[in-house]
Amino acid sequence: MLTLKETLRAVLYERLNTIYPVAPEDIDFLYPPQAKFGDLALSLPMPLAKKLRENPRAIAKKMAGEIGALPGVVRTEVAGAGFINLFLDRDSFFRERLASAGRSALRPEERKIIVEHTNINPNKAAHIGHLRNACLGDTLVRCLRAKGETVEVQNYLDDTGVQVVDVVFGLMELQGKNIADLDGIERFDYYCWDLYARTAAYLESHPESRGRKAEILKGIEHGREPESGMAFAVSRRIARAHLRTMERIGAAYDVFPCESSILGLKFWERAFALLKERRAIHRAEDGPNAGCWVMKVEDEDDREKIIVRSDGTVTYVGKDIAYQLWKFGLLGRDFYYEPFAETDGRTLWISTAVPNDRTVGFGGGSRVYNVIDARQAYLQKVVVQGLRALQYEAEARKSVHFSYEMVALSLRSLKYLGIEATAEESAKGFVEVSGRKGLGVKADDLLDLLERKAGAEVDKRNPDMPEADRRKTAAAIARGALRYFMLKYALNSLIVFDVDDALSFEGETGPYLMYTSVRLNSIFRKLSEREGRDAAAPAAKAAAEGKALESVSEAERDELWDLISTAAKLEEEVLHSIASLEFSRLAKFAFLLSQKTNAYYHRRPVLAEENEDIKNARISVLFYVRDGLKKALDLMGLDIPERM
RNA sequence: GUGCCUGUAGCUCAGCUGGAUAGAGCGACGGCCUCCGGAGCCGUAGGUCACAGGUUCGAAUCCUGUCAGGCACGCCA
């Protein structure tokens, strides 16, 4: 549809620009709400009516004549307040779609795109909030790659931050453990989940222990043992646990840039020098921020953000500005890297400050997406302003905060966790997830629950399937259920996580989409098994002759056309999703297409159809639709099992 | 206090760069397995699009105000 629209736009512009004051981008198409209004509609007469101070309907009538014959359009019709409805030549459109299989109308626009997502503090197990981040980030990556972009996926490891410090404090001070003891701890991420919550509470109620905590922090930052080695061991072990968790939902990364490397290679000092040199920050001489290096925040009032504290230490924002500069290749230096893990033959690298002679390099993107929840909008704004203050205007514009609302827990979910809600929480109706309080559903627990439930269904329906295949299928269903659940909400919608809702496999869910495709595949498998048919042949024939729809009844032709024209919108849905970062749109699209498909094959048998021409028409259309569905599910990270 | 976001069916949410009769899922009610897999299909009921103004040929969508809710605003990250 994208290709056709572009063609039509060019033709229309050429014919109309001498008659009306129009630019090519004014010529836009919308999809009519009903089939009787055609396949595409031009609303151009209406904005023109405003400009020309004429009746839109009259303009539409006149324009329809001036347009004349259009390629791929069999007739036009003036309707409503001033729409020009276009009716497409269905056979030729379908033929073109089939012929273009494997070709993409999408083109990359950037040299290299960096997507940073997940970014969990490496001090405890991942929870549902982190899953939303990873699902959104990974889907963005998949869509960008489908568009043809070169994408680098980063997962920032804050391995020297206060959260890690808390766990190190807990291990050393509360439990008297040393590095060697860590190996004996099973399920380390779960262990730290509890320990972190306990330590945070302990530190809260024992103010006298803050001195020791500060010591540990300093020790870690300056590489002193044993604190430093402890932090290193904790963060690496947890990072591996996160990697396994995210593997379960199909999210993967290229590199883990570490805060310890930023400190070790003095990236901040370099950034600080730049900031001072370009006068992006200045030292406050008096007032409440006296002695600090501050940056002006573009706000209504004269707000200042502290970048360097009066004791000379740098704030989180400062480090983030340095990191952002590196992502754009503006720092003039890179980390060193070591292999961290191997997945599907690809190496995941982790940064290090220790020089080596490996030649891998990262960063230096032309566009950067930071997938971070909405609560950090202010800080992200300051970071972008830092770029601006350094006169990196182009980079500032291409620094995108991919912001989404957080995940909270429903009161029902609290009960499931065995936690009593306070009166305030009951009134609110939900509770914020908090790693610090140990309040949340762990990602792996949720996935386990989903897998168990899916497994029971798979066992019931496929008793003959080998055990290993059933477990694999259950895992795929769990992943699909979770990913779709995280994707189907708009970004600014707070997800009040409810275990029962998330566990549902019916209605608008990932398993529904998967099921539709599995059944579709099953039809094609049977075509080949029972009848020895090459399922691609009717489509190939239709692509060559273009008369696929001729043999079916008028009513069914409309049904088939509805499927074709819906499936043909995939590419523009992808573009729209990327532009708006609203992947709920892609999710809705895939669901709609699945619904139409499901309803169709329920009504129209394929295998049992006796009329060969009708049968071939059905096969060729479903062949095309199946391809679109598969692509859409793949973009969302949903696998299609053999059976389910 | 300032800034950002949200208010649409009983519930959860789409639709929002203005366009033709406001849609889905869940729940409720009623149907459909001699037929490619019932994680499915078909149907019924259910809406002053928070409220009040404004702009427009046209507003759920844009603007202003009111009410209600959420989030952010630290020499934490």
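Numbered from 1 within each chain, the chains take letters A, B, ... in sequence-line order.
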Legend entry - Side-chain heavy atoms of A:Phe29 within contact of A:Ile27, under 4.5 Å: yes
Inset, instruction - Determine whether A:Leu513 and A:Met636 make a side-chain contact, defined as any pair of heavy atoms from C-beta on separated by less than 4.5 Å. - result: yes
When you measure from the side-chain N and O atoms of [X] to the phosphate of [N], is any distance below 4.0 Å, counting only OP1 and OP2?
{"X": "A:Gln595", "N": "B:G25", "value": "yes"}
{"X": "A:Lys588", "N": "B:C13", "value": "no"}
{"X": "A:Ser522", "N": "B:G37", "value": "yes"}
{"X": "A:Arg519", "N": "B:G38", "value": "yes"}
{"X": "A:Tyr512", "N": "B:C41", "value": "yes"}

Legend entry - Syn or anti for B:C33 (syn when the glycosidic angle lies within 90° of 0): syn
What's the gap between [N] and [M] when it is taken at their [atom1] atoms, as a whole Å value?
{"N": "B:G58", "M": "B:A20", "atom1": "P", "result": "14 Å"}
{"N": "B:G53", "M": "B:U21", "atom1": "C1'", "result": "27 Å"}
{"N": "B:G74", "M": "B:C11", "atom1": "P", "result": "37 Å"}
{"N": "B:C26", "M": "B:C62", "atom1": "C1'", "result": "33 Å"}
{"N": "B:U44", "M": "B:G27", "atom1": "C1'", "result": "14 Å"}
{"N": "B:C57", "M": "B:A24", "atom1": "P", "result": "33 Å"}
{"N": "B:G19", "M": "B:U61", "atom1": "C1'", "result": "11 Å"}
{"N": "B:C49", "M": "B:A59", "atom1": "C1'", "result": "11 Å"}

Closest approach to the side chain of [X], judged atom by atom: which nucleotide of [options] is it?
{"X": "A:Pro33", "options": "B:G40, B:A20, B:G37", "answer": "B:A20"}
{"X": "A:Arg309", "options": "B:A20, B:G37, B:C75", "answer": "B:C75"}
{"X": "A:Asn492", "options": "B:A39, B:C5, B:U21", "answer": "B:C5"}
{"X": "A:Pro32", "options": "B:A39, B:A20, B:C13", "answer": "B:A20"}

Base, sugar-phosphate or nothing for [X]? Non-hydrogen atoms, less than 4.0 Å.
{"X": "A:Pro56", "value": "nothing"}
{"X": "A:Val165", "value": "nothing"}
{"X": "A:Arg604", "value": "base"}
{"X": "A:Lys36", "value": "base"}
{"X": "A:Val496", "value": "nothing"}
{"X": "A:Asp158", "value": "sugar-phosphate"}
{"X": "A:Arg57", "value": "nothing"}
{"X": "A:Ser310", "value": "base"}
{"X": "A:Ile477", "value": "base"}
{"X": "A:Ala490", "value": "sugar-phosphate"}
{"X": "A:Ala290", "value": "base"}

Inset, instruction - Would you verify whether the NZ or CZ of A:Arg626 falls within 45 degrees of the ring axis of A:Phe524 while also being under 6.0 Å from that six-membered ring's centre? - result: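 Here A:Arg626 passes the 6.0 Å and 45° test against A:Phe524.
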Legend entry - ring pair (Phe, Tyr, Trp, His ring centres under 6.0 Å) between A:Phe37 and A:Phe83, intermediate numbers included: CA-CA 9 Å; A:Phe37 295 135; A:Phe83 295 101; 7.9 Å; no
Legend entry - Candidate list A:Asp166, A:Thr199, A:Asn121, test side-chain hydrogen bond (donor to acceptor under 3.5 Å, both in side chains), partner A:Arg436, passing option: A:Asp166
Ion pair [X]/[Y], N-O distance below 4.0 Å:
{"X": "A:Glu425", "Y": "A:Lys428", "result": "no"}
{"X": "A:Glu508", "Y": "A:Lys588", "result": "yes"}
{"X": "A:Lys5", "Y": "A:Asp28", "result": "no"}

Legend entry - Polar pair under 3.5 Å, donor/acceptor by atom type, side chain A:Arg461, base B:A39: yes
Inset, instruction - Return yes if the base of B:A20 and the side-chain atoms of A:Asn85 contain a donor-acceptor N/O pair under 3.5 Å, otherwise no. - result: yes
Legend entry - Face-to-face stacking of A:Phe37 with B:A20, centres under 5.5 angstrom, angle under 30°: yes
Legend entry - Polar side chain donor-acceptor pair, A:Glu506 to A:Ser504, under 3.5 angstrom: no
How many angstroms lie between atom [atom1] of [X] and atom [atom2] of [Y], to the nearest 0.5 angstrom?
{"X": "A:Tyr156", "Y": "A:Asp320", "atom1": "OH", "atom2": "CG", "result": "7.0 Å"}
{"X": "A:Phe497", "Y": "A:Arg412", "atom1": "CZ", "atom2": "CZ", "result": "11.0 Å"}
{"X": "A:Leu379", "Y": "A:Ile321", "atom1": "CG", "atom2": "CD1", "result": "10.0 Å"}
{"X": "A:Arg533", "Y": "A:Asn616", "atom1": "CZ", "atom2": "CG", "result": "5.5 Å"}

Separation of [N] [atom2] from [X] [atom1] (nearest whole Å):
{"X": "A:Glu508", "N": "B:G40", "atom1": "CD", "atom2": "P", "result": "12 Å"}
{"X": "A:Leu450", "N": "B:A39", "atom1": "CG", "atom2": "C1'", "result": "14 Å"}
{"X": "A:Asn119", "N": "B:A77", "atom1": "CG", "atom2": "P", "result": "16 Å"}
{"X": "A:Phe591", "N": "B:U12", "atom1": "CZ", "atom2": "C1'", "result": "13 Å"}
{"X": "A:Glu451", "N": "B:A39", "atom1": "CD", "atom2": "P", "result": "20 Å"}
{"X": "A:Lys460", "N": "B:G38", "atom1": "NZ", "atom2": "P", "result": "14 Å"}
{"X": "A:Met514", "N": "B:G37", "atom1": "CE", "atom2": "P", "result": "17 Å"}
{"X": "A:Met46", "N": "B:A59", "atom1": "CE", "atom2": "P", "result": "13 Å"}

Legend entry - 5' priority, RNA chain B, between A:Lys488 and A:Thr516 [closest heavy atom]: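 The 5'-side residue here is A:Lys488.
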Legend entry - Comparing A:Ala608 and A:Phe505 on RNA chain B - which has the more 5′ nearest nucleotide: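 Its nearest nucleotide lies further toward 5', so the answer is A:Ala608.
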Inset, instruction - Using the criterion of both pairing distances under 3.5 Å for Watson-Crick and G-U wobble pairs, give all stems of 3 or more consecutive pairs involving RNA chain B. - result: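 Output for stems: B:1-7 with B:67-73, B:10-13 with B:23-26, B:28-32 with B:40-44, B:50-54 with B:62-66.
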Inset, instruction - Summarise how protein sits on nucleotides 67-73 of chain B as a single string, 5' to 3': B when a protein heavy atom is under 4.0 Å from the base, S for sugar-phosphate-only contact, - for no contact. - result: ---SSSS
Inset, instruction - Could you point out which residue of A:Phe505, A:Phe591, A:Tyr484 forms a ring-ring contact (aromatic ring centres under 6.0 Å, His included) with A:Tyr512? - result: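 With A:Tyr512 as partner, A:Phe505, A:Phe591, A:Tyr484 yield a single ring-ring contact (aromatic ring centres under 6.0 Å, His included), made by A:Phe591.
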